[in-house]
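Working notes, structure below.
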Amino acid sequence: MRKDIQAKLKDMPDLLSIGQVAEIFNIHPDTLRNWEKDGILVPLRAGKRGDRKYRPQDIQTIVDKMGSKLTLPQLEQFLWKSADILRGKIDSSDYKKYIFGLLFYKRISDVWDEEYARVMDEFKDETIARADYNHRFQVPKECRWSVIEERAENIGVKLNEVFEKLANANSPKLDKIFDDLDFANKDRFPNETLQRLLNHFSQYNFGDTYINSDLLGDAYEYLIKQFAADAGKKGGEFYTPREVEGVIIQILKPHKKDHIYDPTVGSGGFLLEAFHHLKEKEGESVARTLYLYGQELNIGTYAIAKINMFLHGLDSADIQRGDTLVNPQFLNPNGSLKTFDIVVANPPYSIKDWEYELFKFDKYGRVDGYDMPPDKNADYAFVLHIIKSMNSNGRAGIVLPHGVLFRGGAEGRIREQLLKNDLLEAVIALPSKLFYGTSIPAAILIFNKNKPENRKDKVLVIDAEKDFSEGKNQNSLRVQDIQKIIRAYDNYADVENYARVIDLKEIEENEFNLNVRRYIENGDKEEEIDVSAVRKELVALEKERAEIDKKVEGFLNELNY
């Protein structure tokens, strides 16, 4: 029986009401009534009204019926409660990595135990049951969750030792995954706090039998979103709203065996969105033919992305750490940049402190044929890296601030060069306040190295700024908003006050300025002004002002000023 259920039943009477049972198991009373109709449950009937009373044997029947599995809402609630244990003790932007690290550790330990038990049942041979080839991850005996769970002293030091041994036992698979975790600081992690965390995670078995990868992956993504909201401005550093990722992926439409790359991968949302999209369209076996690649600079965020892939069962996803602009990790044997079918990115906006000089003398040819991006803004450095990372049929979707559409100087010249090379296929203006950490509106730029004939020397401009659901802190795109954008892109035709197909000649006449307002009326009707009435009002105000001035002058004279 689940430990949380046992705890709830501990001080309960032997006979329970339907309301009490529903609350204990977190299910609707109608579910219990339906099981009764189906003959699964036969509770006692007590009193004149025949109230249902559930005995211990009835509770066991419910436990057997439900098993030890958690629903997604239950799992989400449970995981978010783990954050409450650390809240106030360390900064909210930091404790996510500790929660994620413990969750992943519990998962791989419980899965190892399941794998061991399954092989023992079949072969009755401990050597075979412990063999590396029978386990997805290696969990040495001294690293099992049960060992750390029983620890009473110096828990933080022991956790650090466990994580180091796990990384070494699974190298290179788990290299750097735990590098940013340090539980040994007793001021931040006193024994009592760590004991509470371990006891919290010990309530459930996180093996495959109890929580499948889809459920755990969905709960993990929920947790990432919650942490992003909790972290405020810093949340935007590792999280892109799934709705925005969905727009880009539905536009780029991944196909079987596509190679998909995110140079600023964050928590891995774009790559997962591509996988989920193809899985929904063509099934899981086809979705698993995708080749997924990502690079991330921040070590804590890198670990989140790696764990995200593992929890979704995407062990083959290649996530690397490093500065994409200075030290790109995905290279061909000859040292040139590897190219991909699809590139997606939400890079950090308008970085002022970046490795300008190193990029200026770039050995990967990213600035060949283009002006050098300005030294105080890296937006177009990311764009040029992405262009160079697209293969001859490559498509790309990038989220960038609106400034890239109209800023002049070197950026204006790069924009002109991209347009003349006929690489830009669409510009989509998004609503404001969609992203954590910034209220400014952003735009999606869609690039295509092999445009269809009817799209050559044209750019589709979509103004989606006004279509959203307003939230207290963040706005969001609704299903209909997303569908409207996708429909406009797929049709590639004019839509009044919403979308326009612009010829390159018109863009050139506008000096290659892509400000959306230059091409699309926003549909707002200007207020009609009654000039005659306004003039009369101004005359009246002027007369009133003259009378006030006269009175003030009189007062000043009386005071000999």
Side-chain angles (χ1 to χ4, degrees), residues 229 231-236 241 243-244 349-350 352 374 376-377 379 399-409 411-412 415 427-445 459-478 480-481 484-485 488 494-502 506-561:
K233 185 175 182 179
K234 291 185 178 180
E243 298 87 355
V244 175
Y349 297 163
S350 306
K352 289 181 171 55
K376 296 299 182 183
N377 195 316
D379 288 342
V399 184
L400 290 165
H402 270 235
V404 300
L405 302 177
F406 53 78
R407 288 194 297 252
E411 292 183 304
R415 189 170 58 248
V427 172
I428 304 161
L430 295 173
S432 61
K433 292 178 66 178
L434 289 182
F435 301 88
Y436 294 106
T438 179
S439 60
I440 64 170
I444 296 172
L445 275 63
V459 175
L460 173 67
V461 177
I462 298 174
D463 182 7
E465 290 185 10
K466 295 167 63 179
D467 299 322
F468 61 92
S469 173
E470 188 171 2
K472 184 178 180 182
N473 297 315
Q474 299 293 134
N475 297 328
S476 60
L477 295 176
R478 300 162 297 186
Q480 63 264 36
D481 304 327
K484 187 177 179 181
I485 294 171
D494 292 354
V495 180
E496 187 177 1
N497 296 328
Y498 186 74
R500 264 194 72 202
V501 178
I502 317 296
E506 182 179 348
I507 297 173
E508 188 171 0
E509 289 170 354
N510 281 306
E511 300 178 324
F512 300 97
N513 187 317
L514 288 173
N515 192 334
V516 173
R517 286 287 161 265
R518 289 197 174 213
Y519 303 100
I520 298 178
E521 296 289 338
N522 63 12
D524 291 338
K525 292 183 179 179
E526 293 186 7
E527 182 182 355
E528 293 185 9
I529 299 174
D530 186 337
V531 177
S532 177
V534 170
R535 189 172 184 280
K536 287 179 181 178
E537 187 177 349
L538 287 173
V539 169
L541 288 171
E542 188 66 32
K543 184 179 178 181
E544 185 179 345
R545 188 174 73 104
E547 291 175 354
I548 292 172
D549 286 346
K550 189 176 180 181
K551 286 182 180 180
V552 170
E553 188 177 350
F555 293 147
L556 291 174
N557 288 335
E558 290 179 11
L559 295 170
N560 294 319
Y561 279 98

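- Once rounded to the nearest 0.5 Å, the distance linking CG of Asn510 with CD1 of Ile502 reads 9.0 Å.
- Shown here are the side chain to side chain contact (heavy atoms under 4.5 Å, CB included) partners of Asp494, two or more places apart in sequence or in another chain: Arg500, Val501.
- Legend: residues meeting salt bridge (Lys or Arg N to Asp or Glu O under 4.0 Å) with Glu508, ordered by chain and number and at least two apart, are absent.
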TODO: Decide yes or no on side-chain contact (heavy atoms from CB on, under 4.5 Å) for Asp463 and Glu521, but give the supporting numbers first.
DONE: CA-CA 9 Å; Asp463 182 7; Glu521 296 289 338; over 6 Å; no
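- Using modelled atom types, no side-chain atom of Arg415 and backbone atom of Asn513 make a donor-acceptor pair closer than 3.5 Å.
- Going from atom CG of Leu430 over to atom CZ of Phe435 covers 5.5 Å, rounded to the nearest 0.5 Å.
- Rounded to the nearest 0.5 Å, atoms OH (Tyr349) and NE2 (His402) are 9.5 Å apart.
- When atom types are taken as modelled, the side chain of Asp379 and the backbone of Ser350 share a donor-acceptor pair closer than 3.5 angstrom.
- Taking CG of Leu477 as the start and CG of Asp467 as the end, the distance is 9.0 Å to the nearest 0.5 Å.
- Between the side chain of Asn475 and the backbone N or O of Ser432 there is at least one donor-acceptor pair closer than 3.5 Å.
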- [ ] Could you walk me through whether Asp481 and Glu243 pass the side-chain contact (heavy atoms from CB on, under 4.5 Å) test, one step at a time?
- [x] CA-CA 10 Å; Asp481 304 327; Glu243 298 87 355; over 6 Å; no
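- With salt bridges taken as basic N to acidic carboxylate O contacts below 4.0 Å, none links Arg518 and Glu511.
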- [ ] Under the side-chain contact (heavy atoms from CB on, under 4.5 Å) rule, what do Leu405 and Asn515 come out as? Steps first, then yes or no, please.
- [x] CA-CA 6 Å; Leu405 302 177; Asn515 192 334; 5.5 Å; no
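- The number of heavy atoms from other shown groups lying within 6.0 Å of CD (Gln480) is above 12.
- Looking only at distances, no side-chain donor or acceptor of Glu465 sits under 3.5 Å from a matching main-chain atom of Pro431.
- Within the 4.5 Å cutoff, side-chain heavy atoms of Tyr498 are placed close to those of Lys484.
- Residue Glu553 places its CD atom among 12 or fewer non-hydrogen atoms of other residues, nucleotides or ligands, all under 6.0 Å distant.
- Atoms CD1 and CD1, on Ile520 and Ile462 in that order, are 8.0 Å from each other to the nearest 0.5 Å.
- Separating the CZ atom in Arg545 from the CD atom in Glu547 is a distance of 12.0 Å, to the nearest 0.5 Å.
- Between Leu460 and Ala499, the closest heavy-atom pair is CD1-CB, 4.2 Å.
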